[in-house]
Structures are given as C-alpha cells and as structure tokens.
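Below, chain A is the first sequence line, B the second, and so on; all start at residue 1.
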There are 2 protein chains.
Amino acid sequence: MPRGVDVARLAGVSQKTVSRVLNNEPYVSTEVRQRVLAAAEQLGYRLNNAARALASGRSRSIGVVTLGTALYGPASLLMGIERAVRATGYALRVVSTVEGDPTGIAGAVESLLEQGVDGIVISEPIDEGAELVRADVPVLVFGTPLPFSAPRVVTAGVGSGELAHAATEHLLDLGHATVRHVAGPQRWYAARERLAAWRAALAARGLGEPPVVEGDWSAASGYAAGRRLAEDGDLTAVFAANDDMAIGVIRALLEAGRRVPDDVSVVGYDDVPVAAYVTPPLTTVRQPFDAVATAGLQLLVHAIEQPHEDLPQAPDHPVELVVRASTAPPPRKTPGRGRATSG
Amino acid sequence: MPRGVDVARLAGVSQKTVSRVLNNEPYVSTEVRQRVLAAAEQLGYRLNNAARALASGRSRSIGVVTLGTALYGPASLLMGIERAVRATGYALRVVSTVEGDPTGIAGAVESLLEQGVDGIVISEPIDEGAELVRADVPVLVFGTPLPFSAPRVVTAGVGSGELAHAATEHLLDLGHATVRHVAGPQRWYAARERLAAWRAALAARGLGEPPVVEGDWSAASGYAAGRRLAEDGDLTAVFAANDDMAIGVIRALLEAGRRVPDDVSVVGYDDVPVAAYVTPPLTTVRQPFDAVATAGLQLLVHAIEQPHEDLPQAPDHPVELVVRASTAPPPRKTPGRGRATSG
DNA sequence: CGTAGATATGACTGCGCAGACATGACTGCG
DNA sequence: CGCAGTCATGTCTGCGCAGTCATATCTACG
C-alpha cells in the first residue's frame, strides 16, 4: 500500500501537503493540488483510516444499534439511517441485538464504543430492564429518551403517536362503537406509543377501554390475537400495531366466519409494500422513515461537530393514513352472536 | 480517555503487558492478568481501535455492500451477515447501493476499502454494467462470481437454483400443463438464477417455454404481471420469483375473476412471515439465510486469516418448499376463455 | 550443577496521518 | 518603499497501540 509520503515524493511536495489536498483544506495552489491528485491516482493511493483516526481523534464513523430482525419497520429505518449517515460523510457501523440478549442495548453500545464511533444511533429502543446505558459520545434515539448517560442525547420522533391516534379515530369516524387493539410487544417503545395513542383516542370520545391483546409483531401472533378477538361477538373494528399482525388478524377473522371489512374493519401500521395487494387491501399508516432518519442524523452530526452549541429541535414529519378496503362502516345489524368461550 | 500506559501504571506493569492481557496473549501470569484487568476496569479503559489498527495493520472489521431496500430477502441476509460477522469477532461496516446508482457496487467497495476493512461481502450481486470491481482484500459474494479482481474471491450459494426448480416441479407434479414465471429484475443474480431453474424444470419435462413476465420484486409489479397473465385463458400455474410479487399476482387474478388456487395455482419465493396468513396462504420456498451467512463468513474469515491455505468449499444448505393453500391441481375443465387483449 | 528450553516481562520502535508552528512568497496600501 | 496581512508550503511531532527483541526467571534433565 502506498503511503502519503510516496505520493508526496512523486508529486514533489511534502506529506503534509498531500494531507491538505486529500482533506480539501484551503491554502493549496491549484497547480499543486492537481499534481498531488494525479500522483495519488497514479499510485492508487488511499488515506489510511486508522492513521487518520489516531492522529485526529475522530473516526468519522457512526454506530447504529439495530434489532436482528427483517421486520419491515426496523429494516426500513436502518436503510434510511444508512443513507442518511452516508450523506453526512460518516461511515456506518452496525451492531444488532436480539430481544432477550442478556447484554442487550448496553452491550451493543459498549461494542460500538470499543470500535471508536463518534456517535451512536439507537434505532429501535426496547426496554431491557432498568439498565443505564453509558456512552461517551452523543447518542440519537428514535422515539424515546431511554435512561441514557451520554454527553448529548438527541431524540427524533417517528410520529407514531398521532397517527395511531388518527387510525383509531378513522375507525370511530366510520361509526364503530369502539375499537379493539392488537398491541406490539410492550418492551418496544414503538408498541407502547401506539397503545397509548389508541387509548387516548378512545378516551377523547369518552369511550371505555376494551381489553388489549398483545402480539409480538408477527403475523402468527396476529393470527392468535384474531382468534381471541373473534370470541367477541360485538367486534367490529380492530387496530393492529403493525401490518403483519393485521394480516394475521384478518386471516383469523375469516376463518371464524367474519368478513373483512363487511363485519369487521381492520387497520394496520407501517404500510408494508404488500399492504395494498393483500385481500382485502389494508388500511394502514405510512411512516416517513427516510425523512425521520435524515432529520435525526442531522441532529446527531450537529451534536458531534458542534458540541457546545444548542441542539435544534427535530421537526415533526408528515405521517399518513392510507385508507384502503379493509375498513368500512360497521354492519347495520350487529350480528349479536353470543360470546363464545375459548377452548 | 485513559490509555494503555495509565492502566499499566496503575497495575504496576508495562504498557506492553497491558496489551498482552487485553489481547489474550499467552505468557502472562494469572496474577498479573488479574491486576491488569482490575486496573482496566477501574479506569474504564478501552483499547483504542484506531491505534491497534494502525499498529497491527488489521482493522478487525468486515464491510458489507447491501442494497438500500427493506425487501425481506436482502434484509434477512443482512441480519444473518451481521450475526455471523459478530460471531467471528469482527466488526461490521455497511454501505448500501441503490439500483441505478452510477458508482454502483464498485463505488461501494471503494468506500469500504477507504474505511480499511479486512474483507468485503457483496450480499446481493446485481449487474451494474461491465465494471470490474477491484479490491485488495478477500471478497465474499453471495451467489455468483462477479467480475472481481481481489486476492481471494469466495462464493457462497443461497441454493436458489434447486429450489426454484423444485417449486416449478411441484406445480407440474400437481398436473399443470405448464407454469408461467414472473421473474425478478434480471440484473439481480438471484432473479436470473430463479429464471434459469424454472426454465430447466420445464425443459426437463420436454415442455416449451411460455413467455416470461418481468417484475421488480414489488407487489405492485406482481400485480401488473398478474393482469397480463390473466389475459392467458389457459393459465393455471404461476411461479413468482418472490412472495411480494406472488401476492400481487394473486390480487390481480382475483380481480380478473380467477380463483386461487381453484383456477390458478401460485407459488412464491422467500417465505416472508406473512406468507402463511395471506389469503390464500402462500406456497413458497424458504431460504436458510442464517446458515448461508454463517458458512459464507467462515470462508471469508478463513481467506482473511489464512491467506495461503486453500479455501474449503461452502457446503450446500437445505432449502425447503413450503406447501400451502395457494397451490392445487388444475381445474378439471379448463375455462378456455379466449385470450383477451390488453388496453 | 550446568545448560537448554519454556515462561514471563519490559524497552524500544514505528505504523501513517493531522495538528501546531515556522517560514517564505506575494499583495496592497499608506 | 516598508510593513501588515494573506497565501502557500514545509518541518516536526505525537496519537496509542502491537511487533521485535532483549532480558530475567523458572523448570527439567543429563
């Protein structure tokens, strides 16, 4: 591997000037700049990242803690983060945790700190007990300020709240007497936020709160939840915390003889790409992952590079209720079937 | 930040001994090891990655080139890679490309090389023209040996071939006269492989090859393909290159008045988590992403750490055809509707 | 008891870059 | 014309580790 001095020799300048050129620093004449670039090109020279990081004290990289799942939401957010990180000129390092991992988020953060990242992104905050996560670099959390100890903690919202609210209201506006909720796993911030918004929407209309069924985001758990919901003879509207569970719910309802949306309306969350094509097409909520990631990363980079300035606040992002065929007004005559017992 | 010498001083040893302890080198007495670990713990000491990379010439990190999509296949493989990389003790750096990106895979590889990775993984090879990708570290490609110039190029298969073959055969075994194929974008290796396997399965039975409809992996493109397929009055069986497109195809067929599976059988590919819960539940093919990723990474790490030994071959992985309700024997009396014209 | 090997530790050094500072050439203006 | 300010470049240095080699101690065995 050629080094900076090799380029310098070939271009007839000092190593420092090579460094200047390759870092786009001012005070280099155009002519020298050209010579250096030509020499670097000729030798196939690349700056040595380790040496740069050691000399400058910054690694120019950002670490992200993600969940080891291919779930649409987390995967989309991760891809949004990747693009946003690259746009800021930083490199991306990824560590995943799995639910139930004993070291959890704290362990993942620790491993990123060992790698020397300049900042950390927690993409899907989940509660792994009461652990306090310590970091010596700025941290960006999507959703909620976990118990973090770090120089700067930045929070960027994904706007789940208001939209889960809107999803519930959409069902109520259609005339449903109430809305049942299939929640996500409550250790996830995203799941808690959606549950709270559903609750708030019911409360705003003075409605009581029917029992919540909790799933694990999977279609299988949605199916199980749907079987339980089907025992409710008065059921006409369901809000599921993500699309996969909504699809499972719909399948269970169909198998129980409930038509969707004729008998029961179902709303999902995420707008997965197949949502428009399943039967029936799913009413759902679309999240602007890219915009959220971009905005969050701008805050994080600001926190990294201007450690003493105040942080601007993250803007809210337009979220969108996508109404499709899985929601309709409730049936005229409620079927009034008796409540079946499980077994 | 405390440095190695600080720990050394506290433990009453030399910096070099601290280095030995933290790298688990032999020839350190148990007693000294304890003292050093205690001192490191007390100071909250962490090895400086940049300095170790500079001094040792290895960054202990592996870069992966992925596609900036949340598609189930690529996302699952990425997560499998993350786990596999972590299991080998390396750190993971991620760069994504988008289709149509002018710099393409070569640009992504270049940016990883600048970051100083010890090895590179190309998770979803796509053809970005005839570019020759150059790397000075070993490269692992999932699927196909692209035109690569690197010290070692390792290939690990995802076994798409035989299974796309099996999927087609499953339909033929049910009695269908032929099988139409909704292909993925042909720049993707995975799409070409599935197309070739479908072709081979037809040829093996001496069947002619009906025209292929190409999609872009999305349910929307599957829907468009399904509308075109619905013009074929003799259509009874479809093999789609992924589940999302299969779901789109099913929707289009339903809207065209074809029942699935009564009139037309549809097979997908990937076994996305909702496949079992859509209507009808989807017959599909499950890929062992984790196993493939683990095996591939073992090869890559071998190529990195034993540059002069021969590479063991990657084992084949069990792939699995999952038969669900979307496939059935063809209808007794073919409907024989005339071929409609589009427009 | 003497010497070869294994074991345990330290001193010194350099990896390749960017920061601090020095220096020289040039510009403009009173 | 002289001096301050800008521009352009170079010299020297150290970031914090791991590699190399030297050294000291401990075993084993003839």
**Prompt:** Any sub-3.5 Å donor-acceptor pair from Asp118(A)'s side-chain atoms to Ile62(A)'s backbone N or O?
**Reply:** no
**Asked** Judged by atom type as modelled, is there a donor-acceptor pair below 3.5 Å linking the side chain of Arg83(B) to the main-chain atoms of Gly68(A)?
**Response** yes
Under 4.0 Å between a side-chain N or O of [X] and OP1 or OP2 of [N]?
X	N	answer
Asn48(A)	dC15(C)	no
Tyr45(A)	dC17(C)	yes
Tyr27(B)	dA8(C)	no
Ser29(A)	dA8(D)	no
Asn49(B)	dC17(D)	no
Ser14(A)	dG10(D)	yes
Thr17(A)	dG10(D)	yes

Whole-Å distance separating the [atom1] atom of [X] from the [atom2] atom of [N]:
X	N	atom1	atom2	value
Leu22(A)	dG19(C)	CG	P	14 Å
Arg9(A)	dG16(C)	CZ	P	12 Å
Lys16(B)	dT23(D)	NZ	C1'	15 Å
Leu47(B)	dC15(D)	CG	C1'	15 Å
Glu25(B)	dA18(D)	CD	P	8 Å
Arg33(A)	dC7(D)	CZ	C1'	13 Å
Arg58(A)	dC17(C)	CZ	C1'	14 Å
Met1(A)	dC17(C)	CE	P	11 Å

**Item:** Upstream residue (5' side of DNA chain C) when Gly12(B) and Ala50(A) are each assigned their closest nucleotide
**Value:** Gly12(B)
**Ala55(B) vs Arg20(A), nearer the 5' end of DNA chain C by closest nucleotide** = Ala55(B)
**Request:** Please report the shortest heavy-atom distance between Ser123(A) and Ile81(A), naming the atom on each side.
**Result:** CB-CD1, 3.8 Å
**Request:** Please name the pair of heavy atoms, one in Glu124(A) and one in Ala190(A), separated by the smallest distance, quoted to 0.1 Å.
**Result:** OE1-CB, 4.3 Å
**Asked** Does Gln15(A) get its side chain close enough to the base of dA18(C), under 3.5 Å, for a donor-acceptor pair?
**Response** yes
**Item:** Spacing of Asp6(A) atom CG and Gln15(A) atom CD [to the nearest 0.5 Å]
**Value:** 10.5 Å
**Message:** Under 3.5 Å for both donor-acceptor distances, Watson-Crick or wobble: does dC26(C) have a partner, and if so which one?
**Reply:** dG5(D)
**Message:** Is it the case that the side chains of Arg52(B) and Ser19(B) hold a donor-acceptor pair, with the cut-off being a distance below 3.5 Å and no angle test?
**Reply:** no
**Message:** Mind checking if Val13(B) touches a base, just sugar-phosphate, or nothing, with heavy atoms under 4.0 Å?
**Reply:** sugar-phosphate
**Request:** May I ask you to say what Val18(A) touches in the nucleic acid, namely base, sugar-phosphate or nothing, with a heavy-atom cut-off under 4.0 Å?
**Result:** nothing
**Prompt:** Which nucleotide in the list dG19(D), dC17(D), dA18(C) gets nearest to the side chain of Asn23(A)?
**Reply:** dA18(C)
**Fill in**
Against the side chain of Leu54(B), the closest entry in dA18(D), dC15(C), dT9(C) is dC15(C)
